[in-house]
Amino acid sequence: MNRYALFVAVYLALLPGVISAQPQRELRWGGDAEGGAPYVEADPADPAHVVGFDVEVAQLLASGLGLTPRFVQVGFTTIDAEAARGDFDVGLSGIEDSVARRSRLALTIPYYEFRELLTVRADDRDRYRTLEDLRGHRVATLGATLAYDLLVDAQARNGIIPITYEDDVHPYGDLALGRVDAVVLDAILAERGVRRNPSLANQPAALAVGHYVGILAPGRAQLRDRMNQILRDAMRDGRLEAIFRRWNVWNQDQPRLYARVLAGASQYPVAASSLVNSAGPAQVTVWRVAARYVPALLRAAIITVALSCLSMALAVLVGALIASGRVYGSAPLRVVLTAYVEIVRGTPLLLQLFVLYFGLAALVQLPAFVAALLGLGLNYAAYESEIYRGALEAVPIGQLDAARTLGLSERQILMLVRAPQAFRLALAPMTNDFVALLKDSSLVSVITVVELTKQTSIFAANIGSWVVPGAMCAAIYLAMSLPLARVARRIERGWRQA
Amino acid sequence: MTMLAVRSLDIRRAGRTIVSGVSFTADRGEVVVLMGASGAGKSSILRAIAGLDPLGGGSIDIPRPVGMVFQFHHLFANMTARANVCLAPVHVLRRPRAEVEIRAQELLDSLGVGHRAGAMPHELSGGEAQRVAIARALAIEPRVLLMDEPTASLDSARRGDLAATLKRLATEGRTIVVATHDAAFAETCAHRVLMIEGGRLQSS
């Protein structure tokens with residue numbers, strides 16, 4: 001036994017050395033294949049492989065370096081943090097050049113220029129020409145992008161309401177459905193959105209211009225310089241043009257960009273990022289940006305608290321009805337309620353939120369907050385009902401018999417004798433559930449509700465670091481959950497003494 | 001005057017016969033004791049009389065409401081002694097609360113636990129809890145009072161007090177049916193003792 005343990009320890013100690021001693025044969029490149037066409041997406045013919053122009057750019061870089069490309073799936077909103085950690089050699093996924101990225105990562109030269117376009121319903125083409133026309137209206141985009149920064153800026157100047165999505169497909173679907181009144185995203189996505197939804201139209205004027213770059217860990221400037229040389233060569237000999245032509249995204253902006261890059265321009269225009277850029281790259285400090293994000297985080301915290309309290313109220317109400325039905329109801333009712341509890345507990349909350357918001361959109365278009373409230377409330381109702389059922393059944397049968405001999409109706413027994421005692425038993429697990437719900441409320445960001453965690457991830461993506469945003473977010477969550485636990489403990493203590 | 005008439009009572013539980021062919025009557029002001037070992041069927045007979053369990057056969061004639069005091073008292077744990085006594089008069093008999101509270105205090109005083117009216121059930125001793133349970137049962141003004149194993153949690157001095165209380169309640173015109181295996185207690189309070197064995201009435 002000891003000899004075996006020693007062998008394992010020695011093996012584990014030697015393992016990293018064995019691995020690092022091997023020469024690098026692969027170029028590990030990171031991208032997000034979820035809804036990532038035409039950048040990176042799973043090949044419809046063979047979902048195990050990825051296709052897209054960024055896949056071909058990665059192949060171009062790998063072959064120039066004499067390596068084999070290997071794809072690493074990463075989340076679009078966390079790609080900067082993973083690049084900085086060195087989870088892959090280079091990130092390529094329609095990643096926008098920005099001041100924040102330049103300050104934290106090693107960036108390649110730009111290899112594609114895009115325009116930010118405003119997409120509206122074709123009927124609104126003359127009404128909503130620019131962001132100025134959209135005061136008080138909901139405008140959608142993808143979180144953690146230049147377009148998001150444009151919308152935050154427009155929120156301050158023009159009073160639009162920015163709505164963020166996790167992917168680039170649903171903003172256009174929701175625009176067609178009327179849930180939002182415009183979408184701002186880059187031209188590649190905007191043109192694809194209009195192709196998929198014929199009732200939409202793109203406004204011709206560009207709101208901003210940006211560039212796609214590759215991102216590397218800050219210490220890998222040498223590899224970045226080799227990649228830049230490969231990209232310049234491909235710009236000269238037409239290999240990049242061939243890639244973009246294959247994916248139907250080649251246009252006259254690209255030769256102009258390539259001419260500037262090949263002429264040795266050191267400053268490429270960086271699209272305005274209102275929150276980071278306006279301070280000027282030299283003065284940007286994390287603390288200064290953090291201070292600017294405090295109001296947004298507090299607003300998001302209010303959404304989190306409101307959503308959690310309302311969802312919990314719904315969960316308690318529905319949970320109590322389900323528990324009463326399961327304890328007092330007829331056999332068929334008990335079967336139906338048990339099925340509800342098992343289905344809700346047995347499927348992910350995330351899936352339930354998707355079904356409520358996107359799945360039911362053809363039948364009923366719930367506003368995002370209402371869908372979030374229903375999703376969380378009805379999900380937690382299943383858990384609450386089990387707590388209440390257990391608590392109701394824990395009240396001694398003898399007390400119920402005593403109440404019956406006194407002539408109380410079953411309803412009176414429930415309301416006057418059983419439920420008050422059950423509630424005391426249920427309080428501790430209910431508090432526990434409320435704290436869990438407070439944190440689970442972060443899942444609703446997938447249906448466009450910007451609550452505390454989502455706001456934090458947008459903040460982190462924009463400044464390129466999770467340290468300060470993460471600490472601020474955790475502090476706000478703790479400030480919300482600790483007093484709650486304290487109040488519950490005090491109530492319990494009071495009851496024990498009573 | 002006959003207050004309670006049990007005729008050919010059968011009780012079955014889970015396909016098993018617990019009580020078979022039991023018949024007896026009890027008069028106004030009478031204390032009737034059902035005596036027998038544990039599991040003889042005494043408690044089942046009381047529960048059937050109280051209307052808590054269905055009859056397997058036979059019939060029971062009794063004026064409602066019926067007061068019942070359980071072996072373990074079963075006071076409502078979420079309310080004070082006084083609130084336990086007031087609950088049914090307020091919510092079933094629909095009497096005004098002020099009036100009910102005065103009457104509840106009188107009942108608790110008469111049973112010697114008036115000073116414990118504000119206590120929660122878990123703060124009461126076994127004897128106190130039993131007297132509160134008797135007050136609760138009497139608060140609905142039953143003409144028949146059923147008591148299941150009333151001496152189980154009492155010392156010998158308290159047993160004497162309880163016997164005296166039951167006799168007083170009987171003198172006031174109530175019919176009292178007690179289920180017990182305590183022969184000495186039966187002797188001190190019963191007008192009539194019925195022996196139950198294996199779910200059948202043995203002798204009177």
Side-chain angles (χ1 to χ4, degrees), chain A residues 316-317 319-320 323-324 327-331 334 384 387-431 487-498, chain B residues 43-44 46-54 62-80 83-95 100 104 118-123 129-130 132-142 144-149:
Chain A
V316 168
L317 182 72
S324 309
V327 173
Y328 290 98
S330 61
R334 286 205 302 270
E384 293 310 295
I387 293 172
Y388 303 153
R389 190 173 64 92
L392 284 173
E393 286 172 353
V395 176
I397 299 284
Q399 287 187 36
L400 310 183
D401 280 344
R404 287 182 193 117
T405 62
L406 291 172
L408 292 161
S409 68
E410 290 300 319
R411 211 182 105 80
Q412 286 175 318
I413 295 172
L414 176 65
M415 301 308 288
L416 298 169
V417 176
R418 206 172 187 184
Q421 294 186 57
F423 183 64
R424 290 180 187 200
L425 295 172
L427 187 73
M430 271 170 79
T431 314
V487 166
R489 265 200 301 278
R490 189 170 301 175
I491 295 174
E492 274 181 76
R493 217 177 13 245
W495 277 348
R496 257 203 302 279
Q497 282 162 4
Chain B
S43 297
S44 299
L46 287 195
R47 288 179 63 84
I49 296 170
L52 288 172
D53 291 336
I62 190 170
R64 308 267 167 199
V66 182
M68 178 141 176
V69 180
F70 294 83
Q71 179 176 354
F72 300 108
H73 323 314
H74 295 316
L75 294 177
F76 306 130
N78 57 318
M79 50 186 94
T80 61
N84 263 275
V85 178
C86 294
L87 190 72
V90 170
H91 292 280
V92 179
L93 305 179
R94 304 273 170 206
R95 300 267 161 79
V100 167
M120 295 300 284
H122 70 269
E123 296 168 329
Q130 183 180 62
V132 173
I134 294 172
R136 180 176 69 178
L138 294 177
I140 55 170
E141 295 158 24
V144 180
L145 181 67
L146 311 174
M147 294 194 81
D148 192 9
E149 298 288 359

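The model shown is predicted, which means the values in this text are computed figures rather than measured ones. Chain letters run A, B, ... following the sequence lines, proteins first, then strands; residues in each count from 1.
Heavy atoms of Arg136(B) lying under 4.5 Å from chain A belong to its backbone as well as its side chain. Both the backbone and the side chain of Gln399(A) come within less than 4.5 Å of a heavy atom in chain B. Of the atoms belonging to Phe76(B), heavy atoms from both backbone and side chain fall under 4.5 Å from chain A. Leu75(B) touches chain A through its backbone: at least one of N, CA, C or O sits under 4.5 Å from a heavy atom, while the side chain does not.
Under a 3.5 Å cut-off, the side chain of Asn78(B) and the backbone N or O of Leu416(A) do form a donor-acceptor pair.
The residue among Pro396(A), Gly398(A), Ala403(A) with the most heavy atom pairs within less than 4.5 Å of chain B is Gly398(A). Contact count versus chain A (heavy atoms, under 4.5 Å) is highest, among Val92(B), Leu93(B), Leu87(B), Thr80(B), for Val92(B). Here Gln412(A) is the residue among Arg404(A), Gln412(A), Arg418(A) with the most heavy-atom pairs under 4.5 Å with chain B.
The line from CD1 of Ile397(A) to CG of Leu52(B) is 11.5 Å long, rounded to the nearest 0.5 Å. With rounding to the nearest 0.5 angstrom, the CG atom of Asp401(A) is 8.0 Å from the CE atom of Met68(B).
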query: Would Leu146(B) and Thr405(A) count as a side chain to side chain contact (heavy atoms under 4.5 Å, CB included) if you check the C-alpha gap in whole Å, the side-chain angles of each, and the deciding distance to 0.1 Å?
result: CA-CA 10 Å; Leu146(B) 311 174; Thr405(A) 62; over 6 Å; no
